[in-house]
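Worth saying up front: this structure is predicted, and the values here are computed from it rather than measured.
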Amino acid sequence: MVKRADVNRYRAALDTVSNLAKKDLADAYALMAEWPMGQRRDALADVFSALCDQYGNLAGSAAIEFYELVREQSAAPPGFRSVLAENVPDEQARKAYEYAARHFDDGNPEKVIASLNGRLQRFVEYTARETVHVNAARDKARTYWARVPSGGECCAWCFMLASRGWVYATERSAGGVGNEFHNDDRCMIVPSFENSPELAGYDPDAMFAKYQKARDEVQEDGIRPDDKAITSRLRDMFPEDFKDGNEIPSILQDPAQGWPADLKPVNGRTWRHILKRHLSGGTAIDTFAEDMTPYDIAKVIRDTVSNPDYTKPHPEYPETVLNFLREFDGVTVSVGTKLGGDGTRKVLTAFPPSEGGGII
């Protein structure tokens with residue numbers, strides 16, 4: 001079994017290397033403060049490229065130590081010698097630099113370093129991840145590996161990839177080194193030499209169950225279940241699990257997630273009002289059932305305005321205020337909308353009206 005303490009120490013080592021690289025980048029830029037802008041831009045490109053190599057080698061060395069430690073603690077046969085993988089291609093590093101350096105051109109040179117820092121971390125740790133990949137593929141011992149979040153909250157994209165669990169070393173689906181890691185990504189590629197790999201705090205089965213729920217929801221909506229659609233739905237369904245969880249569910253805003261294109265996206269103020277007033281325990285008389293989550297409420301709002309059983313105008317403002325009503329399992333839901341001066345409707349509120357109600 002891979003030890004969580006060893007993984008944490010490895011993560012700390014990578015953080016140290018990445019932070020040192022960022023410090024060197026900032027220090028080098030500070031020395032160029034009085035240089036002409038064009039000279040500063042060209043020189044910083046060389047510095048960035050050199051730091052990717054210099055600190056990539058250090059990160060790769062940390063990966064070798066980690067790989068060999070995990071291997072020594074297993075039943076894998078001795079005699080294997082780890083190798084350092086190649087650093088990120090210089091062309092890729094310089095292309096990323098040019099994207100960040102656009103801030104020189106738009107008059108915001110102070111943003112260059114901030115933009116480069118995430119890329120520098122990704123490219124430095126590229127070597128570490130690739131080193132684990134390369135050695136796992138070379139090793140004659142039966143080796144597995146997994147993409148493991150660093151702990152705490154991760155983004156939905158990393159969660160989706162990490163939910164794939166432990167895969168055999170010749171498969172590269174856990175990371176797709178260089179392609180499926182983003183700036184400031186702290187996920188690690190962790191090897192294992194056990195037949196049934198385990199790591200405390202990493203439960204790919206539970207993660208996959210959430211992934212599958214999101215995928216099922218997307219499919220039930222008749223939407224193609226690609227990675228973008230599924231991760232968006234993960235952020236809707238489990239917003240507190242992710243650092244990029246959706247405050248307002250995408251199904252209330254995005255036509256690609258089923259929101260009617262002729263309605264304005266629900267804004268934050270309206271969504272917070274609905275939850276404060278009509279979530280179970282809310283301040284209004286008419287509240288949704290106790291077992292309904294915010295995502296459940298978002299679904300019935302979207303489905304009501306997309307396919308209402310009937311509509312009902314406000315008696316005093318029939319030309320502008322229109323209520324959409326639909327029954328779900330014997331409970332009617334009303335979504336109040338208002339026509340704006342630009343000719344589009346926006347949602348004002350949503351609730352299950354008491355008997356005799358049903359309009360705003």
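- Under the 4.0 Å criterion applied to side-chain N and carboxylate O atoms, R235 and E240 are not assigned as salt-bridge partners.
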Could you walk me through whether D226 and R224 pass salt bridge (charged side-chain N to carboxylate O under 4.0 Å, His left out), step by step? CA-CA 6 Å; D226 58 21; R224 182 173 175 268; 3.3 Å; yes

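- Using cut-offs of 30° and 60° for the angle between ring planes, the Y67 and F80 rings count as tilted.
- Both I113 and M37 are assigned to one and the same hydrophobic cluster, defined by single-linkage of ILVMFWY side chains at heavy-atom distances under 4.5 Å.
- With hydrophobic clusters built from ILVMFWY side chains whose heavy atoms lie under 4.5 angstrom apart, V132 does not share a cluster with L69.
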Give the C-alpha distance, both sets of side-chain angles, the deciding distance and a yes or no for side chain to side chain donor-acceptor pair (under 3.5 Å) between S18 and D15. CA-CA 5 Å; S18 293; D15 286 341; 5.8 Å; no

The test is side chain to side chain donor-acceptor pair (under 3.5 Å); show your working for T287 and S280 and say whether it passes. CA-CA 5 Å; T287 60; S280 178; 5.3 Å; no

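- The side-chain heavy atoms of R272 and L275, taken from C-beta on, include no pair separated by under 4.5 Å.
- The structure places CG of L44 at 11.0 Å from OG of S49, a figure rounded to the nearest 0.5 Å.
- Contact record, A214 with R233: O-CG, 3.9 Å, taken as the closest heavy-atom pair.
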With a cut-off of 3.5 Å and sequence neighbours excluded, list every side-chain donor-acceptor pair involving residues 24-33.
from, atom 1, to, atom 2, distance (Å)
D24, OD2, Y55, OH, 2.5
D27, OD2, K23, NZ, 2.8
Y29, OH, R40, NH1, 3.0

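- Under the 4.5 Å side-chain criterion, counting only non-hydrogen atoms from C-beta, S306 is in contact with P260.
- Hydrophobic clustering keeps I285 apart from V333 (ILVMFWY residues linked when any side-chain heavy atoms are closer than 4.5 Å, directly or through intermediates).
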What verdict does the salt bridge (charged side-chain N to carboxylate O under 4.0 Å, His left out) test give for R4 and E198, after you've listed the backbone C-alpha separation in whole Å, the side-chain angles of each residue and the deciding distance to 0.1 Å? CA-CA 10 Å; R4 170 53 72 173; E198 292 182 21; over 6 Å; no

Under the criterion side chain to side chain contact (heavy atoms under 4.5 Å, CB included), I'd like the reasoning laid out for R11 against M188: C-alpha separation, chi angles, the key distance, then a yes or no. CA-CA 8 Å; R11 180 63 258 172; M188 298 162 286; 3.6 Å; yes

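- No salt bridge links D286 with R277; every basic N to acidic carboxylate O contact stays at or beyond 4.0 Å.
- The side-chain heavy atoms of P89 and K95, taken from C-beta on, include no pair separated by under 4.5 Å.
- No side-chain heavy atom of D309 sits under 4.5 Å from any side-chain heavy atom of L325.
- Hydrophobic clustering (side-chain heavy atoms under 4.5 Å, transitive across Ile, Leu, Val, Met, Phe, Trp, Tyr) keeps I64 apart from V124.
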Decide yes or no on ring pair (Phe, Tyr, Trp, His ring centres under 6.0 Å) for Y211 and F208, but give the supporting numbers first. CA-CA 5 Å; Y211 164 84; F208 186 77; 5.5 Å; yes

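- Exactly one of N135, D139, T143 qualifies for a side chain to side chain donor-acceptor pair (under 3.5 Å) with R71. That residue is D139.
- For the atom pair L58 CG and T16 OG1, the distance stands at 11.0 Å (nearest 0.5 Å).
- Using a 4.5 Å heavy-atom cutoff, the side chains of D185 and H182 are in contact.
- Note that OG of S192 is 11.0 Å distant from CD of Q73, once rounded to the nearest 0.5 Å.
- Under the 4.5 Å side-chain criterion, counting only non-hydrogen atoms from C-beta, T332 is not in contact with R326.
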Would D216 and Q212 count as a side chain to side chain donor-acceptor pair (under 3.5 Å) here? Give the steps. CA-CA 6 Å; D216 289 345; Q212 192 62 53; 3.0 Å; yes

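- Salt bridge present: D6 and R9 bring a charged side-chain N and a carboxylate O closer than 4.0 Å.
- D106 contributes a side-chain N or O that, together with a main-chain N or O of N108, makes up a donor-acceptor pair within less than 3.5 Å.
- The residues K299 and E217 are annotated as salt-bridged, a charged nitrogen and a carboxylate oxygen being separated by less than 4.0 angstrom.
- In this view, F159 and F242 satisfy the ring pair (Phe, Tyr, Trp, His ring centres under 6.0 Å) rule, not counting sequence neighbours.
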Check the pair E194, S74 against side chain to side chain donor-acceptor pair (under 3.5 Å), reporting the backbone distance first and the verdict last. CA-CA 7 Å; E194 312 296 332; S74 74; 4.9 Å; no

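- Comment: R122 does not engage D184 in a salt bridge, judged by the lack of any side-chain N to carboxylate O separation of less than 4.0 angstrom.
- Between V70 and F193, some side-chain heavy-atom pair lies under the 4.5 Å cut-off.
- Looking at T344 and D262, their side chains never come closer than 4.5 Å, going by heavy atoms from C-beta outward.
- Across all non-hydrogen atoms, the minimal contact from A136 to W145 is CB-CD1, 4.0 Å.
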Which is it for R147 and F181 under the side chain to side chain contact (heavy atoms under 4.5 Å, CB included) test, yes or no, and what are the steps along the way? CA-CA 10 Å; R147 180 187 182 121; F181 292 92; 3.4 Å; yes

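- Taking W166 as the reference, Y202 meet the ring pair (Phe, Tyr, Trp, His ring centres under 6.0 Å) condition, with sequence neighbours excluded.
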